[in-house]
Amino acid sequence: MEIDFQAIDKKWQLYWLEHHSNKVVEEANKPKYYVLDMFPYPSGAGLHVGHPLGYIASDIYARYKRLKGFNVLHPMGYDSFGLPAEQYAIQTGQHPAITTEQNIARYRQQLDRLGFSYDWTRQVKTSSPEYYRWTQWIFKQFFNAYYNTSSDKACPMEELIAAFSTNGNQGVNAFSDYEKMFTAEEWNSWNDVEQEAVLQSYRLAFLSETWVNWCPKLGTVLANDEIISGLSVRGSHPVEQKKMMQWSMRIKAYADRLLAGLDDLDWSDAIKEQQRNWIGKSEGANVFFDVEGHNNLALEIFTTRPDTLFGVTFMVLAPEHPFLEQIVTEEHKEEVKNYQLSVSKRTERDRQADVHHISGVFTGAFVIHPFNKTSIPIWTADYVLSTYGTGAVMSVPCGDQRDYSFAKHFNLPIINVFKGIDIEEEAYGEKVGIIENSSFLDGLEIKEAITFACQKIEEANRGNRKVNFRLRDAVFSRQRYWGEPFPVYYEKGIPKMIADENLPIELPNVDAYLPTASGEPPLARSRKEDWNHFQGDRMEYNTMPGWAGSSWYFLRYLDPENKDSFVGKDKVAYWKNVDLYIGGNEHATGHLLYARFWTKFLYDMGFIPFNEPFKKLINQGMILGRSSFVYRIKGENTFVSLNKKKDYSTDQLHVDVNLVDNDKLNLQEFKNWLPEYADATFILEDDGTYCCGFEVEKMSKSKFNVQTPDALVEKFGADTLRMYEMFLGPLEQSKPWDTKGITGVHGFLKKTTRLFLDTTGSWNTLAEDPTKEMWKVLHKTIRKIQDDLDRYSFNTVVSTLMIAVNELTDLKCNHKQILQPLLVLLSPYAPHTAEELWEKLGLPSGGCALASFPVYDEAMLVEASYEYPISFNGKMRFTQSIDLHLPENEVIELIMGLENTQKHLEGKTPKKVIFVKGKIINIVS
RNA sequence: GCGGAUGUGGUGAAAUUGGUAGACACGCCAGACUUAGGAUCUGGUGCCGAGAGGUAUGCGGGUUCGAGUCCCUCCAUCCGCACCA
């Protein structure tokens, strides 16, 4: 008798559906556990084998926790706004909502075949109006809040406005980039346009001018990703930097809390470190340098090294710095302008990455050193970024390598302020040493000098201590169609919020999904009547970025149907935050940081009772594709096999991996694949086959290396695929996809089913008591699997199960008392097979998932003796079984008495014998 | 460039706290069975060597009785870098 794996997939999936087996509700008397996957973007290519990796792991863990008695919330949904659907819409005119729905349907079908235990009644889609209604609502909360720096939390704008009208901004503790002071009288005398302009500097969601990558030809803003060396990927048009009025979120107000909060999270050190670096806290000072010949014009710079103040030999402004136009002298005007123009064609990343190519121009202007009053030339160069610090630096070539290279390149002076340090070859960046050539800092240790310099700068009123963050406020508007519309309209140019009862503002229909001729976002194509609600002079034409919906989706799963609130208080109080979150580490600094930010904000506003969204995080590694290649002789339609290509000049071309088996190309299928290959000829290996080359790279449609799970599930069943993906290796490691090993896992499942057959091959098990050995195998297995799952070692569990089945097979174990608990151990990995065999044991249908995880008995595992490895000077020579109860001196005596020991000692007397109980004996001679 | 990670047989990997390197699989080799199959079972398989033995966890060094594991230098590969998701 054999199990039909395809049939049991269907049987049990239908059973779970009909019995609503995966639906969960709050149960006050049961501990909760929330297992979440990063929800996917439903792409047109469908689910590839990389997607389910994390989903399988989370499903196994969710099932494990259920067996352990937890009430497990395990939902799934779709991050369904995004560029690919929009691009497709631009090409075809098809509304992105339609393609998105089709893709979701396909995803769902593919997911369902893998037997996941998702509670689909809780599904969310970020692109559905019922969902984005609340994304819009949360945006309004950000707009109507400011960050109170004395209570260190977000507070309602009304409080701030009330303070302004009674005291002005004197004594207001708010996180803001507004620098001037105003009185209550002034505030009250301003009209609403003037007042709003000020309030924008306090709101947590606000409008401001931001730099963007602008492609004039496409009339659109591009991501760095969409640009290669200054040209758009689409169409190769020039791209330039341009300022644009955009919505942003004041995430910088949360920088310190986002940093501090990391300490208590059960995330990998790697990802915490990435977030720390992204936030990039650095302490230093802002210093003002007066510009020569310009009254009241002082250049503000930020430095982390005020101790090197006397090593400054030039200043560098970012090419976008607002001062440039004012200070540049007549004779340098043209040069600076040209430079700015050339820089505007480079993206920020190009500027940072290209350090070998040093560029910059002199402005003709000088600043005066605040202490020694020397003149210092002002340059502009693209290695200084306008987005960090003040967009200007004091250059200290002796202490900073970029400054050093710049000075060498343009032959600028270098002053060494480090005593006894050689800077002939390179700058000295360490913070250890003694300062010299530096007036009042002479003789001080660097760390003391930093403190003392800050003090002097503040005393002289030339600046102040300052904590700077690399983190920038998050730009929140996109000039795209397929995203959440803002709940915003404009009146007299003032942005205003649409009332809650008019939400959601639904995406209006447009005649095309492209920007307008004048470069306005696609929504500007809409007519007034295209909007479900229209107000004021016009609506907001931007849409929200991809990360808006994904910053809070984990909350909506708790209460997906709620019409009155984004999540009910009782629901969020029960389920709380996510206990285990699994997803790719490409989200390390984007999604994960934004979700933390929103969570902290919603906590501040009293909507949710916790301030971190994800307690435990696991980043699954990427599954890489194994691409296959053919080699075409240049200028011909002839393809040379791998081992013969060295004799020809060839081009390497990707070939669809589905045409290749074991690196051998199916020639007929290849000819049918693409019309241009129909007449292809081949130069084959000596054995008459065509051998393809291969490379491991990211799975992608364009590389023809995408592997979908569908065919494998079709062939082997869902359980085999689930186990195989886990068996590939540690979850967190990236690995190439290769199906060669899948037969091993499939064989294991078949071997497992054979334990349930009697000698005649019928489904029949023994009720009698198992032997001691059988019990030992079971309990050893229980313990190992529990240990492994508790440390998320999903791959070793598969091996453990294999070992158990191999051993039970050797023991000819057909005993129900062993097999029943074994099924429970198997069920998180192979739920269909486990339920089927459970039924074969004559137990109630569907009962395996409802069982309790078996408890191992230590007494079953006690060993009387241990096979000690005996090593000599660290090299293992032989093993010896020794009673574990023997005291150390008797063990050593026993060992020394062995003939084998004396042989290896070669007559020498041991200097030392290391005895580690239950581990090893090492004889040092 | 900056930040993060990973390097162990022909392949995926295991070794949880420094204690027998290569578990468990794939592949390969040999064999059994058989109305021949992508089935099942048995044995072997890091490398060199007939063997004793030697050697081996990216390279080089260090700490230790003992290092895949800890420390330092270097090399290679992968991921992220703010409008891809």
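Letters go in sequence order (proteins before strands), and every chain restarts at 1. Only a predicted model underlies this, so the values are computations on that prediction, with no experimental measurement involved.
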Mark up nucleotides 8-16 of chain B, 5' to 3', with B wherever a protein heavy atom is under 4.0 angstrom from a base atom, S wherever such an atom reaches only the sugar-phosphate, and - elsewhere.
----BSSSB
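With hydrogens and angles ignored, the 3.5 Å screen pairs no side-chain donor or acceptor of Lys903(A) with any backbone N or O of Leu898(A). For Ser793(A) (side chain) and Asp788(A) (main-chain N/O), no donor-acceptor pair under 3.5 Å exists by modelled atom type. Side-chain N or O atoms of Asp473(A) include one that pairs as donor or acceptor with a backbone N or O of Ile251(A) at under 3.5 Å. The closest donor-acceptor contact from the side chain of Tyr107(A) to the backbone of Tyr41(A) lies under 3.5 Å. The main-chain N or O of Ser80(A) is found under 3.5 Å from a side-chain atom of Trp482(A) such that the two form a donor-acceptor pair. The main-chain N or O of Phe81(A) is never found under 3.5 Å from a side-chain atom of Ser127(A) such that the two would form a donor-acceptor pair. With hydrogens and angles disregarded, a donor-acceptor distance shorter than 3.5 Å links the side chain of Arg596(A) to the backbone of Leu258(A).
As judged by a 4.0 angstrom heavy-atom cut-off over every strand, Glu725(A) is placed among residues making no nucleic acid contact. Residue contacts for Lys715(A): at a heavy-atom cut-off of 4.0 Å it reaches a base atom on one of the strands shown. No contact: Trp547(A) has no heavy atom under 4.0 Å from any strand. Here Ser268(A) lies out of heavy-atom contact (under 4.0 Å) with every strand. When heavy atoms are screened at a 4.0 angstrom cut-off, Asn806(A) is found touching the sugar-phosphate backbone but no base atom. Counting any heavy atom pair closer than 4.0 Å across all strands shown, Val212(A) reaches a base atom. Here Gly82(A) lies in heavy-atom contact (under 4.0 Å) with sugar-phosphate atoms only. Within the 4.0 angstrom heavy-atom criterion, no nucleotide atom of any strand lies near Arg276(A). Within 4.0 Å (heavy atoms only), Ile870(A) reaches no atom of the nucleic acid at all.
We find that CD of Glu807(A) is positioned 14 Å from P of A23(B), with the value rounded to whole Å. Rounded to whole Å, atom P of C2(B) lies 22 Å from atom CD of Gln275(A). Per the geometry, CZ belonging to Arg470(A) stands 11 Å off C1' belonging to G80(B), to the nearest Å. The separation between Lys919(A) atom NZ and U17(B) atom P is 10 Å, rounded to whole Å. Summarising the geometry, the separation between CD on Gln241(A) and C1' on C83(B) is reported as 12 Å, rounded to the nearest angstrom. If you measure from atom CG of Leu258(A) to atom C1' of A82(B), you get 15 Å, rounded to the nearest angstrom. One can place CG of Asp810(A) at 11 Å from P of C41(B), the figure rounded to the nearest angstrom. Nucleotide U20(B) holds its P atom 18 Å from the NZ atom of Lys917(A), rounded to whole Å.
Using N1 to N3 plus N6-O4 or O6-N4 for Watson-Crick, or N1-O2 and O6-N3 for G-U wobble, each under 3.5 Å, C81(B) pairs with G1(B). Across all strands shown, C72(B) is found opposite G60(B) as a Watson-Crick or G-U wobble partner, with both distances under 3.5 Å. When both pairing distances are held under 3.5 Å, A36(B) makes no Watson-Crick or G-U pair with any nucleotide shown. Nucleotide G66(B) forms a pair with no other nucleotide shown, judged by Watson-Crick or G-U wobble geometry with both contacts under 3.5 Å. Across all strands shown, U55(B) is found opposite G46(B) as a Watson-Crick or G-U wobble partner, with both distances under 3.5 Å.
Rounded to whole Å, the P atom of U42(B) lies 44 Å from the corresponding atom of U77(B). Spacing of C1' atoms, G10(B) relative to C79(B), comes out at 28 Å, to the nearest Å. For the C1' atom pair drawn from G7(B) and A56(B), the interatomic distance equals 15 Å after rounding to whole Å. When the P atom is compared between C47(B) and C28(B), the two are found 16 Å apart, to the nearest whole Å. Here, U6(B) and G68(B) have their C1' atoms 14 Å apart, quoted to the whole Å. A21(B) and C26(B) have their P atoms separated by 25 Å, given to the nearest Å. Taking atom C1' on both U35(B) and G31(B), the two are 22 Å apart, rounded to the nearest angstrom. The same atom, C1', is picked in C59(B) and in C72(B); the two are 14 Å apart, to the nearest Å.
The side chain of Pro869(A) approaches U20(B) more closely than any other nucleotide in the set C83(B), A85(B), U20(B). When distances are taken from the side chain of Thr589(A) to each of G80(B), G54(B), U40(B), the shortest belongs to G80(B). For His587(A), whose side chain is taken as the heavy atoms from C-beta onward, the closest listed nucleotide among A85(B), A25(B), C81(B) is A85(B). With C83(B), C84(B), A25(B) as the candidates, the nucleotide lying closest to the side chain of Met802(A) is A25(B).
Taking 4.5 Å as the limit, every side-chain heavy atom of Lys272(A) sits out of range of all side-chain heavy atoms of Gln275(A). A heavy-atom distance below 4.5 Å is not found between the side chains of Asn795(A) and Leu731(A).
Ring centroid separation for the pair Trp737(A) and Tyr724(A) comes in under the 6.0 Å cut-off.
In terms of position on RNA chain B, the residue among Ile271(A) and Pro545(A) whose nearest nucleotide sits closer to the 5' end is Ile271(A). Each of Gln479(A) and Glu273(A) has a nearest nucleotide on RNA chain B; the 5'-most of these lies closest to Glu273(A).
With hydrogens and angles ignored, no donor-acceptor pair under 3.5 angstrom links the side chain of Gln274(A) to the base of C81(B).
Between Ala474(A) and Tyr594(A) the shortest heavy-atom distance is CB-CE2, 3.6 Å.
Glycosidic torsion of G27(B) falls outside 90° of 0, placing the base in anti.
Note on Arg754(A): a side-chain N or O is less than 4.0 Å away from OP1 or OP2 of C41(B). The side chain of Arg478(A) contributes no N or O atom lying less than 4.0 Å from OP1 or OP2 of C84(B).
Around the OH atom of Tyr88(A), the shell of radius 6.0 Å holds no more than 12 heavy atoms that belong to other residues, nucleotides or ligands. Within a 6.0 Å radius of CG in Asp269(A), other residues, nucleotides and ligands contribute 12 heavy atoms or fewer.
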Where do N or O atoms of nucleotides 65-68 of chain B meet protein N or O atoms at under 3.5 Å, pair by pair?
{"residue": "C65(B)", "atom": "O2'", "partner": "Asn922(A)", "partner atom": "ND2", "Å": "3.3"}
{"residue": "C65(B)", "atom": "O2", "partner": "Asn922(A)", "partner atom": "ND2", "Å": "2.6"}

